[in-house]
Amino acid sequence: MKVAVFSTKAYDREYLAAANKGRHELVFIEAPLNSQTALLAQGAEAVCCFVNDHLDEASLTQLQQQGTRLIALRCAGFNQVDLSAAKRLGLTVARVPEYSPHAVAEHALGLIQMLNRHLHRAHYRVRENDYSLNGLLGFDLVNKCVAVIGAGKIGQVFAQIMQGIGCRVIAFDPQPNEELLARGVKFVSLDEIWQQADIISLHCPLTSSTHHMINADSISRMKEGVMLINTGRGGLIDTKAVILGLKIRKIGYLGLDVYEEEGDLFFEDYSNQVLQDDVFARLLTFPNVVITGHQAFFTREALTAIGEVTLANISHFEAGELDKVCCV
Ligand code: NAI
């Protein structure tokens, strides 16, 4: 089957080609998918996309008219896809529901310790021959209250990691996780999360009900100096409200791997250009904010699993084994 792979980077090429083992004709395209670039998928029965490709009605219609039948997402989240348009057009949408929950959960821990122990600042101090400790004071994680919002595959691993460190873990999820309940994690209301948590980590999907769940109102209910970690999706947070929270020091630390307007920034090198996003630029000025560019998933193990499941989805679709395709 001919597969047009959009938003291709060198690592995508390497891991997808290794998983393909020559089964399908993979056409690697560097451009992201949108209604203009959809033309590049001419003749491809399957299109393989990533988190910031524009799978809106216009792109999907163009793809369908050119003969595409399968959208094979090489990611878990699918908020970038207009699912009702895909359904209307008869397109199958597949994804990789799980590749390495550990990759994302461990990255969340990385952000926590970077912020807590000021590792980003400490690293540069030592390189400057400055060994002073002023401003680098941290806190012990043991006995702190950590809240997990979205206790699914990633949230569960994250909760277990934090329990291993000795934190008290509470969670909010409309469908409480049995394994975490058995491990003593208390499922509470969002209001209790805002009141009790020293650290809040977001691991729920972006939907109309979770959009901007972190907003001026929820921030006002949080503990003074709370640490907020978002490795979920940028739209979970109202960034302007968070900036105000940081300015009045209500939010003590902010760790982001995702950003609501990341589609115009992340995964590309703009180091020679002027940053046009003033909200993002403001975030970068805070000493207690650490941002990574949607790299939480980026481990060897995760890329291997993403390649294997994506290619398996394509092969099963081609063989008419729809029950074996991880459909959205
Ligand atoms: P999952 O589907 O296993 O878990 C999501 C959990 O969120 C479920 O338990 C669900 O019941 C819960 N949930 C749904 N609505 C909720 C709400 N309103 N409030 C609280 N919880 C709610 O998904 P998984 O694999 O754990 O991934 C979670 C999210 O992490 C994905 O949706 C994706 O957006 C993000 N992600 C980020 C990556 C990165 O590189 N930064 C990589 C992979 C996923």
Side-chain angles (χ1 to χ4, degrees), residues 7 9 11-12 15 49-53 55 73-81 83 93 95-112 147-162 169-181 185-194 197 200-215 218 228-237 255-260 262-263 265-267 290-306 309-310 326-328:
S7 298
K9 303 287 181 221
Y11 46 83
D12 295 311
Y15 281 85
C49 297
F50 197 47
V51 291
N52 290 328
D53 285 311
L55 289 146
L73 301 175
R74 55 181 191 278
C75 54
F78 48 85
N79 53 285
Q80 74 277 38
V81 188
L83 287 179
V93 182
R95 67 178 182 130
V96 184
E98 175 179 339
Y99 37 91
S100 171
H102 298 272
V104 182
E106 290 170 14
H107 191 77
L109 174 63
L111 290 174
I112 290 171
V148 180
I149 298 186
K153 290 179 282 296
I154 296 169
Q156 179 179 329
V157 174
F158 175 76
Q160 289 170 203
I161 290 173
M162 300 316 289
V169 179
I170 58 174
F172 172 77
D173 193 307
Q175 292 175 305
N177 179 311
E178 293 298 331
E179 194 159 332
L180 288 184
L181 278 168
V185 171
K186 215 172 148 203
F187 281 77
V188 298
S189 67
L190 276 179
D191 240 352
E192 287 169 277
I193 296 248
W194 310 144
I200 299 172
S201 195
L202 306 178
H203 300 288
C204 57
L206 176 62
T207 63
S208 51
S209 67
T210 59
H211 180 255
H212 282 190
M213 71 187 316
I214 305 297
N215 53 41
S218 49
L228 206 55
I229 302 293
N230 188 9
T231 58
R233 282 290 179 267
L236 298 173
I237 285 184
L256 301 179
D257 185 53
V258 287
Y259 168 59
E260 37 183 348
E262 70 176 51
L265 287 173
F266 286 5
F267 306 122
V290 167
I291 306 176
T292 52
H294 207 139
Q295 71 168 86
F297 75 99
F298 199 55
T299 65
R300 283 192 294 271
E301 291 78 2
L303 287 192
T304 303
I306 287 171
V309 177
T310 302
C326 304
C327 289
V328 167

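Note that ligands are numbered from 1 as they come in the structure, with each ligand's atoms numbered from 1 the same way.
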Compare every heavy atom of Asp257 with every heavy atom of Ala296, then report the nearest pair and how far apart it is.
N-OD2, 3.0 Å
What residues form a side chain to side chain contact (heavy atoms under 4.5 Å, CB included) with Ala302, not counting sequence neighbours?
Tyr99, Ser100, Ala103, Thr299
Flag side-chain contact, heavy atom, 4.5 Å: Ile214 against Leu228:
yes
Heavy atoms, side chains only, cut-off 4.5 Å: are Phe158 and Ile112 in contact?
yes
Name the residues in contact with ligand 1, where contact means a heavy atom under 4.0 Å away: which are they?
Tyr99, Val104, Ile149, Gly150, Ala151, Gly152, Lys153, Ile154, Phe172, Asp173, Pro174, Gln175, His203, Cys204, Pro205, Thr210, Thr231, Gly232, Arg233, Asp257, His294, Ala296, Phe297
Sequence neighbours excluded, which residues qualify as side chain to side chain contact (heavy atoms under 4.5 Å, CB included) partners of Phe187?
Ala151, Ala171, Asp173, Pro176, Asn177, Leu180, Leu181, Val185
Partner residues of Ser218 under the side chain to side chain donor-acceptor pair (under 3.5 Å) criterion, sequence neighbours left out
Asn215
